[in-house]
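One-based numbering along the sequence shown. Read the numbers this way: they start at 1 and go in the same order the structure lists the ligands and their atoms.
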Amino acid sequence: MTEMDRTEELRRNLAKVRTRIEAAAAQRTGPAPELIVVTKFFPAADVAALAALGVADVGENRDQEASQKAAELADTAAGESLRWHFIGQLQKNKAKSVVRYAHAVHSVDRSSLIGALGKAMVVEQERRSAANLPPRPELLCLIQVDLDERTEVPEAGEAAGPRGGAQPEQIEELARAIDSASGLRLGGLMAVAPLGTDPAPAFDRLMDYSAKLREIFPSASMVSAGMSQDLEAAIAAGATHLRVGSDVLGPRPALR
Ligand SMILES: *Cc1c(COP(=O)(O)O)cnc(C)c1O
């Protein structure tokens with residue numbers, strides 16, 4: 001496919017997704033949800049094409065891939081305008097790299113990661129200052145919530161479910177940790193709908209957790225939920241940010 005054909009394809013897919021979003025948003029009150037296009041697995045050229053088509057926010061789930069694309073686009077018009085959202089499970093040792101390009105991390109799910117991101121922000125601001133660069137804005141942090149209703153709750157420190165995420169009981173403690181860390185700003189909550197069930201009740205639970213969180217932190221109003229398959233359900237529930245990949249970029253290999 002030529003570059004022009006690919007841009008045309010992306011334009012069409014994007015228009016279809018935007019139409020779906022508008023139709024779903026027309027059924028509810030509140031501001032229009034924001035679209036984050038998930039570009040994982042696709043090349044930097046696609047990210048640049050999306051930026052030229054007016055996409056401002058892109059999502060990635062692996063640091064190595066994301067940092068490479070961000071570096072590739074750094075001195076281009078796309079690089080200037082894009083905001084990178086990190087949406088995948090994140091290891092502490094990647095925090096220093098992620099804060100160099102990420103506007104937001106949607107997958108904060110444990111206090112040790114909050115500590116690592118806070119420290120990484122200090123190091124990053126020092127690096128910028130030493131290089132005579134302006135300081136970066138605070139890193140927007142969303143708490144990823146595990147919406148799987150399992151009978152067993154993991155012990156403290158035990159690995160989260162297969163799709164990641166904190167247990168709902170942990171939200172307040174994590175929110176306080178983000179709020180008190182310098183360099184981090186509490187954005188709200190993020191979740192992936194559990195596999196193989198109706199997403200609507202899960203998204204409703206997420207909205208309940210969000211309402212509770214906003215009682216303590218009124219500005220933490222972001223609710224990042226909804227993907228290609230379930231964006232309508234997420235919008236109906238009240239999602240503020242959608243993360244849509246395959247319906248814009250096309251199918252990706254199931255495993256990698
Ligand atoms: C890949 C991914 C998405 C996008 O999923 P699609 O089904 O391709 O729209 C959204 N959120 C997360 C956390 C992802 O890893």
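By the 4.0 Å heavy-atom criterion, D247 is excluded from the residues contacting ligand 1.
Residues L113 and L142 are members of separate hydrophobic clusters, defined by side-chain heavy-atom contacts under 4.5 angstrom among Ile, Leu, Val, Met, Phe, Trp and Tyr.
With T240 contributing its side chain and P33 its backbone, the two residues share no donor-acceptor pair below 3.5 Å. In terms of modelled atom types and a separation under 3.5 Å, the side chain of Q125 and the main chain of V122 share no donor-acceptor contact. The backbone N or O of L10 sits nowhere less than 3.5 Å from a side-chain atom of N13 that would complete a donor-acceptor pair. Put simply, the side chain of R6 never gets that close to the backbone of T2: no donor and acceptor are under 3.5 Å apart. The main-chain N or O of A95 is never found under 3.5 Å from a side-chain atom of K119 such that the two would form a donor-acceptor pair. A donor-acceptor distance shorter than 3.5 angstrom exists from the side chain of R243 to the backbone of S224, with no hydrogens or angles considered.
An N or O contact shorter than 3.5 Å links K40 to ligand 1 by distance. In terms of polar-atom proximity, defined here as any N/O pair under 3.5 Å, S228 does make such a contact with ligand 1. Ligand 1 has a nitrogen or oxygen under 3.5 angstrom from a nitrogen or oxygen of R243.
Looking at atom 7 (O) of ligand 1, its nearest protein heavy atom turns out to be S246 OG, 3.6 Å. Distance from atom 13 (C) of ligand 1 to its nearest protein heavy atom, with residue and atom name: I87 O, 3.6 Å.
Looking at R252 against ligand 1, only its side chain comes within 4.0 Å, counting heavy atoms.
Near V244, with a cut-off below 4.0 Å to any heavy atom, the atoms of ligand 1 are 9 (O).
Counting heavy atoms only, M227 comes closest to atom 5 (O) of ligand 1 of the residues R62, E60, Q229, M227.
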